Amino acid sequence: DSGVTQTPKHLITATGQRVTLRCSPRSGDLSVYWYQQSLDQGLQFLIQYYNGEERAKGNILERFSAQQFPDLHSELNLSSLELGDSALYFCASSGGSSYNEQFFGPGTRLTVL
Amino acid sequence: GEDVEQSLFLSVREGDSSVINCTYTDSSSTYLYWYKQEPGAGLQLLTYIFSNMDMKQDQRLTVLLNKKDKHLSLRIADTQTGDSAIYFCAEREGNTPLVFGKGTRLSVIA
């Protein structure tokens, strides 16, 4: 158990809908990262937050947004969903006592029908 | 941009050593990582190495880094069926996000 939690584990929704994925980092970690894993693109970095502030942006679509709250949990919002958004979405955290390590949550599997 | 390359498949017999290779392009990489992903599971951090090191050993795992050739390898001694998984190589510079390879699927034959 990495200490990073993600909910929900699975999500099935229809095209055009909006969903919110939630992540709680390990205790003491200030950085949260979101990654998307799909068969064709592999593991792609989406966005990073550090202590509530956006720190880095990767290949994140404009339809997607994220935020990190004062209690350090983070949410990834995906809107106007398309079939191609079906993927595993991982959250990772770092900082605290393990600055060099990123620990991953179990992921949320999103299926868009 | 940064790129990390891995071979896609590796098959070994139980009890043999496995060597998974990775090459990267970013000469500024400061940390290199190996993650393991079992079916339906998240990514488990196995080990990482700082770029000024050549080797790191942790029980059955040995990481070798050739910084000149930008080549990283993970050796698993006495490979077991429980080691069957996808292994990802990743690199980062400082506190930047990880850049992953596409993963090597290791199959262990009993």
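Note on naming: letters A, B, ... go to the chains in the order of the sequence lines (proteins, then strands), and numbering restarts at 1 for each one. Just so it is clear, the structure is predicted and the values come from calculations on it, not from any experiment.
For the atom pair A/Ser31 OG and A/Asn51 CG, the distance stands at 8.5 Å (nearest 0.5 Å).
A donor-acceptor pair under 3.5 Å is formed between the side chain of B/Gln6 and the backbone N or O of B/Tyr87. In this structure a side-chain-to-backbone donor-acceptor pair under 3.5 Å is present from B/Arg60 to B/Asp78. Formation of a donor-acceptor pair under 3.5 Å by the B/Asn66 side chain with backbone atoms of B/Asp69 is found in this model. Distance alone, capped at 3.5 Å, is enough to place a donor-acceptor pair between the B/Arg92 side chain and the A/Asn100 backbone.
Of the two parts of B/Tyr35, only the side chain, counted from C-beta on, holds a non-hydrogen atom closer than 4.5 Å to a non-hydrogen atom of chain A. Looking at B/Leu45, only its side chain comes within 4.5 Å of chain A, counting heavy atoms on both sides. For chain A, no part of B/Thr30 is nearby; none of its heavy atoms comes within less than 4.5 Å. With a 4.5 Å cut-off on non-hydrogen atoms, A/Asp40 touches chain B through its backbone but not through its side chain. With a threshold of 4.5 angstrom between heavy atoms, A/Arg55 approaches chain B through side-chain atoms but not through N, CA, C or O. For A/Gln6, no part lies under 4.5 angstrom from a heavy atom of chain B. For a residue to count as touching a neighbouring chain, one of its non-hydrogen atoms must lie under 4.5 Å from one of that chain's; by this rule A/Ile47 does not touch chain B. Only the side chain of B/Gln37 comes within less than 4.5 Å of a heavy atom in chain A; its backbone stays farther off.
Remark: A/Arg26 engages A/Asp29 in a salt bridge, criterion side-chain N to carboxylate O under 4.0 Å.
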### Message
Please determine whether side chain to side chain donor-acceptor pair (under 3.5 Å) holds for the pair A/Ser86 and A/Thr111, giving the CA-CA distance in whole Å, both sets of side-chain angles, and the decisive distance to 0.1 Å.
### Response
CA-CA 5 Å; A/Ser86 295; A/Thr111 303; 5.4 Å; no
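Ranked by heavy-atom pairs under 4.5 Å with chain A, the first of B/Pro97, B/Gly40, B/Ala41 is B/Pro97.
Residues of residues 56-76 of chain A that come closer than 4.5 Å to chain B, counting heavy atoms only, are A/Ala56, ordered by residue number. Proximity to chain A among residues 99-110 of chain B is limited to B/Phe100, B/Lys102, judged by heavy-atom separations below 4.5 angstrom.
No donor-acceptor contact under 3.5 angstrom links the side chains of B/Ser73 and B/Asn21, judged on distance only. Between the side chains of A/Thr7 and A/Arg22, no donor N or O sits under 3.5 Å from an acceptor N or O. For the 3.5 Å distance criterion, the side chains of A/Gln36 and A/Tyr89 qualify, holding a donor opposite an acceptor. No hydrogens or angles considered: nothing links the side chains of B/Tyr33 and B/Thr47 as a donor-acceptor pair under 3.5 Å.
Between A/Tyr35 and A/Phe45, the distance from one ring center to the other falls under 6.0 angstrom.
Under the 4.5 Å side-chain heavy-atom criterion for ILVMFWY residues, a single connected hydrophobic cluster contains both B/Tyr48 and B/Ile76.
Of all non-hydrogen atoms in B/Leu72 and B/Cys89, the two that sit nearest each other are CD2-SG, 3.7 Å.
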